[in-house]
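Read through the structure below, which is laid out as structure tokens, and then see the notes.
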2 protein chains.
Amino acid sequence: MNLELADKHRETLQKAVQALHQRTFFAHYPENPSPEVYGETADKEGREKYKSTLNNKFTELLQEGEQAWVGQEESPYEQQPLGIKYPYFEPEALVSRAEEAFHQWRKVKPLDRAALLVEALENMRNRFFEIAYATMHTTGQAYMMSFQASGPHAADRALEAVAAGYEEQTRFPESAEWEKPMGKYNLKLNKTWKAVPKGVALAIGCSTFPTWNTVPGMFASLVTGNPVIVKPHPKAVLPIAIVVAEVQKVLQQNGLNPNICQLAVDADDRLITKELAEHRKVKIIDYTGSSEFGNYIESLPGKVTFTEKTGVNSIILDSVEDLDKVVQNLAFSISLYSGQMCTAPQNFFVPESGVKVAGETVPYEQVVEKITGAVTALVNNPKAGPHILGAIQNPATAERVKSAATVKGREVLSSCDFENPMFSNARTCTPVIYEVDATEKESYSRELFGPVALIIKTQDTDQSIEIASEMASKYGAISCGAYTTDAVVKEKIMDEMSLAGTPVSFNLTGGIFVNQNASFSDFHVTGGNPAGNASFTNPEFVIKRFTWVGFREPVAG
Amino acid sequence: MNLELADKHRETLQKAVQALHQRTFFAHYPENPSPEVYGETADKEGREKYKSTLNNKFTELLQEGEQAWVGQEESPYEQQPLGIKYPYFEPEALVSRAEEAFHQWRKVKPLDRAALLVEALENMRNRFFEIAYATMHTTGQAYMMSFQASGPHAADRALEAVAAGYEEQTRFPESAEWEKPMGKYNLKLNKTWKAVPKGVALAIGCSTFPTWNTVPGMFASLVTGNPVIVKPHPKAVLPIAIVVAEVQKVLQQNGLNPNICQLAVDADDRLITKELAEHRKVKIIDYTGSSEFGNYIESLPGKVTFTEKTGVNSIILDSVEDLDKVVQNLAFSISLYSGQMCTAPQNFFVPESGVKVAGETVPYEQVVEKITGAVTALVNNPKAGPHILGAIQNPATAERVKSAATVKGREVLSSCDFENPMFSNARTCTPVIYEVDATEKESYSRELFGPVALIIKTQDTDQSIEIASEMASKYGAISCGAYTTDAVVKEKIMDEMSLAGTPVSFNLTGGIFVNQNASFSDFHVTGGNPAGNASFTNPEFVIKRFTWVGFREPVAG
């Protein structure tokens with residue numbers, strides 16, 4: 001293989017592996033889309049490149065012999081089709097090409113595979129702005145989030161998976177001489193070991209985070225020697241199509257079969273995910289999306305599966321130093337990308353006796369008012385609101401949010417449309433907030449996707465913790481925010497939520513939010529509750545993709 | 001916790017972790033049962049202790065409130081009941097006690113848990129001879145194997161699991177300060193992480209290796225903070241009962257609940273394994289035994305499972321230097337513990353054109369004669385045969401071996417009884433060998449447990465490799481032996497068998513056998529084919545037993 005590439009990226013890989021173990025702040029790709037970092041013309045060029053793709057065929061892929069040109073994307077900001085057409089291939093063709101490519105890819109050394117993938121990420125970096133516009137107009141994310149989540153943050157999550165996979169495959173020696181004293185003589189064996197990849201992998205994307213949620217599994221499968229078929233959500237193809245194209249180019253430039261990484265787009269009249277997932281040659285599946293489909297994926301026999309499904313995220317309010325700062329922070333978390341994040345908080349537990357604020361008790365009703373007031377102020381601020389809320393990806397989400405009848409409870413803040421200053425036709429809605437009693441479990445024991453928050457009145461913080469933990473254990477949770485100034489309460493929350501496999505952010509105010517999750521430091525999804533069995537990126541996320549096989553032979557002589 | 005114990009065993013743990021990564025020869029417990037190593041009186045005392053247990057209640061366990069005294073063991077050497085009675089507990093009582101103990105055990109630090117378990121293994125060491133006699137008279141293993149497999153080798157496998165679990169839980173920092181530059185200021189978070197155990201574990205033992213196959217899962221669950229219920233095979237309880245008792249004593253001596261590790265013996269009239277396995281509180285299951293039951297265990301929803309099931313192990317004969325040495329080695333492998341090993345070879349692939357021996361071709365028929373001749377010579381040697389063959393654990397195995405009708409093929413060596421010099425009533429039979437054509441797949445595509453070997457005539461070595469690989473991929477395999485002096489053939493075997501997830505031993509002659517599997521060096525079962533999803537001890541074997549959960553909070557300031 002190309003040793004130059006290994007040399008070129010060795011330091012990046014080493015730093016990434018080190019970062020995984022230090023878990024202090026680390027980012028290989030800067031999250032700031034400023035001209036000083038990415039160049040004066042990068043944004044403009046990216047926007048133009050994105051526009052030139054519209055109403056055209058996406059011809060960058062190196063996959064040949066398409067059976068049709070297909071595409072169903074539409075912009076939540078413009079509410080009209082993007083008109084981009086992608087090549088369509090039958091599942092059987094995709095799998096048989098992946099299987100053929102497997103026997104080339106598995107023989108490439110882990111270091112070389114890792115270096116090739118880092119090279120592809122470096123090339124992806126040159127397209128962060130184009131990917132940002134593609135993300136805006138498929139997911140409805142605002143510009144800044146589109147850039148950060150689909151560009152640098154996704155690339156860092158991919159690098160994290162590459163680093164973890166590289167480390168795990170090189171953690172045991174390739175060979176050793178085994179010498180056992182037998183008394184009168186020594187038994188000597190030469191031993192070697194191989195990390196043998198499992199086979200064809202499938203990475204199934206979602207509509208809201210088309211690169212961030214797809215690249216970890218995609219790159220984890222690739223670095224461990226498995227060819228991957230990337231199956232995006234039919235409404236969010238372009239961002240990940242660009243990434244797949246960049247991987248294919250690096251493969252081809254290095255004399256490898258580009259079918260090691262293929263894009264699989266649904267036909268306009270037929271969804272192909274199940275056919276791919278059930279194919280006997282498909283051994284590994286990564287999936288992000290609904291619990292219903294995720295449970296089906298997990299139930300498929302003979303597959304290694306990694307899922308990120310839905311959950312019910314909680315905020316526990318017990319005691320705070322400064323309630324205004326707290327509700328401002330929470331208002332941002334509720335509003336960010338209109339709640340269309342797997343880490344967005346939904347259930348806000350407030351004791352009926354109120355919240356202790358710097359020693360004084362603020363009554364329950366005032367806490368509710370403070371929360372709704374903070375959300376109202378945020379969404380009504382024309383300089384902040386639209387840039388935080390973005391647009392609603394799926395029309396069904398907007399309809400559900402606006403039809404008040406979905407939750408049994410008292411609506412304390414209504415949802416309404418708002419004006420996006422750049423896109424007059426954007427699909428938008430502000431958050432709706434309900435007040436629910438703790439006894440009304442059926443109201444809050446499921447994910448209400450989108451900008452929907454429930455304030456749940458509990459007897460006391462003990463009950464808040466008990467219910468938050470029960471929700472996470474039974475229905476899954478990916479995040480939890482807790483506010484307490486009491487060390488005993490804090491310890492109890494940590495203990496109960498750890499048993500529910502849910503990470504907890506304590507006392508967040510200012511510029512850090514419960515929704516955020518940092519590569520190389522925060523494990524994303526723990527695998528410890530029904531919200532998913534994957535975790536970005538713990539060792540389990542990569543080692544289940546290959547098998548250790550040993551060989552031994554007596555030393556000649 | 002007891003810091004002294006951590007200090008006492010820190011070096012042992014460190015050496016064991018190092019050994020896992022060097023994979024050169026390492027043994028903490030000497031395998032030689034000589035008086036110089038274990039003391040002049042150890043054997044005699046062990047035998048006497050064993051005898052004193054017969055026809056008595058086993059009262060060492062610290063579990064209280066038994067509902068009955070039960071026991072169904074009988075000696076394959078004496079073909080009469082051992083008469084040992086164990087306390088019986090209802091599954092619900094076992095699980096609820098484990099659940100209670102969980103909340104104490106999970107709070108013990110990984111290093112302290114590991115030190116407590118090493119202390120228990122050191123105490124087990126003092127009982128290796130007693131365990132050896134208990135193993136002989138439950139499994140039918142010969143004395144030397146009983147000592148080594150159930151004593152030092154099992155203890156080393158347990159230590160390996162403890163070391164791997166300790167390493168994985170301490171591989172990421174307990175805390176870190178995360179500081180992200182935001183331009184005008186830095187965001188600072190204190191972060192902490194916990195390795196959270198999954199919950200109640202169940203370790204289900206088999207009848208032939210009651211400690212060796214049980215302790216890896218048992219100790220892996222314990223070191224990662226999960227209370228374990230050890231459910232032995234009803235016919236092989238005593239060896240592991242002694243180990244459980246030693247763990248309980250160490251727990252109690254250190255102020256911990258002995259129910260962290262419980263023994264669960266079947267009632268005389270009722271098997272309790274399924275009830276335990278299906279209990280909603282049981283989160284982790286380790287299982288060794290039949291594929292049928294193993295597949296059931298793997299299918300249970302919501303459980304983390306580790307299985308070692310049955311497989312079809314192959315020997316590929318292509319070319320050798322010295323055929324006599326090869327067939328002697330193979331005769332030993334066929335005969336060792338009468339083929340009642342998961343690593344015993346069953347299918348011997350020989351090309352119809354014969355085997356190349358130091359450049360000359362030895363015809364197929366002569367190869368068959370050499371193999372049967374070597375087995376006959378071994379089993380007829382009164383100084384070797386009985387001590388290698390041991391006795392047959394299960395009467396059904398002996399019946400099946402003796403009733404020729406089980407295999408469609410030509411019987412080239414018949415099975416017969418033989419005299420054990422120490423036990424005139426031993427249940428014995430010598431190996432039976434059939435000759436089968438490669439076209440008769442149904443004859444050789446299943447495990448024929450016990451001393452049964454099939455010589456399969458193939459067109460050539462390519463076909464031998466193809467079928468061996470197909471058998472492993474479809475029906476599972478735990479070992480493969482291959483004999484070739486041709487580098488190209490060797491490479492092909494490595495490649496094909498690696499895809500079938502099967503380790504290969506090449507060109508073994510002399511004192512090392514395909515059945516043997518060394519702690520700290522050979523991964524036992526790869527998890528890459530239907531013979532099982534567990535591997536002793538790769539990182540996957542321990543990390544699936546706990547969840548990484550993170551906590552974060554802004555740095556006060």
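Throughout, a chain's letter reflects where its sequence line sits, starting with A, and its residues are numbered from 1.
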Between A:R171 and B:E168, is there a side-chain N and carboxylate O pair less than 4.0 Å apart?
yes
Please evaluate residues A:N529 and B:T547 with respect to the criterion side chain to side chain contact (heavy atoms under 4.5 Å, CB included), reporting the C-alpha separation (whole Å), side-chain torsions for both, the decisive distance (0.1 Å), and the verdict.
CA-CA 10 Å; A:N529 67 49; B:T547 301; over 6 Å; no
B:K191 versus chain A, the contacting section by heavy-atom distance below 4.5 Å:
side chain
By a 4.5 Å heavy-atom criterion (distance strictly below it), what part of A:F102 contacts chain B: side chain, backbone, both, or neither?
side chain
Using heavy-atom distances under 4.5 Å, tell me whether A:K283 contacts chain B through its side chain, its backbone, both, or neither.
neither
Please indicate whether A:E179 has more than 12 foreign heavy atoms, meaning atoms of other residues, nucleotides or ligands, lying under 6.0 Å from its CD.
yes
How are the rings of A:W548 and B:F523 set to each other: parallel, tilted or perpendicular (split at 30° and 60°)?
parallel
Which of the residues B:P173, B:A176, B:G528, B:A27 is involved in the greatest number of heavy-atom pairs with chain A at under 4.5 angstrom?
B:P173
Where do B:R552 and A:F506 land on the side chain to side chain contact (heavy atoms under 4.5 Å, CB included) test, with the steps shown first?
CA-CA 6 Å; B:R552 54 186 191 177; A:F506 284 98; over 6 Å; no
Chain B: which of A:L508, A:N538, A:N533 shares the most heavy-atom pairs with it under 4.5 Å?
A:L508
Contact origin within A:S521 toward chain B - heavy atom pairs under 4.5 Å:
both
So which of A:K194, A:R106, A:K490 has the largest heavy-atom pair count under 4.5 angstrom toward chain B?
A:R106
Heavy-atom distances under 4.5 Å only: say whether B:L189 touches chain A with side chain, backbone, both or neither.
side chain
Check whether any side-chain heavy atom of A:K180 lies under 4.5 Å from a side-chain heavy atom of B:I512, and answer yes or no.
no
Please look at B:I543 and chain A and tell me whether the side chain, the backbone, both or neither of the residue comes under 4.5 angstrom of a heavy atom of that chain.
both
If one checks every heavy atom of B:T192 against chain A at 4.5 Å, the contacting part turns out to be side chain
Give me the one residue out of A:S505, A:P503, A:S498 that meets side chain to side chain contact (heavy atoms under 4.5 Å, CB included) with B:F551.
A:S498
Looking at B:Q22, B:E298, B:K544, B:M497, which one has more heavy-atom pairs under 4.5 Å with chain A than the rest?
B:K544
In terms of heavy-atom pairs under 4.5 Å with chain A, which of B:G501, B:G527, B:P539 leads?
B:P539
What part of A:H103 lies closer than 4.5 angstrom to a heavy atom of chain B: side chain, backbone, both or neither?
side chain
Between A:Y185 and B:G511 the two heavy atoms that sit nearest each other are OH-CA, 4.1 Å
Select, from B:T24, B:V549, B:D522, B:V504, the one with the greatest count of heavy-atom pairs under 4.5 Å involving chain A.
B:V504
Contact class of B:E177 relative to chain A, heavy atoms under 4.5 angstrom
backbone
Rounded at 0.5 Å granularity, tell me how far CD in A:E540 sits from CZ in B:F546.
8.5 Å
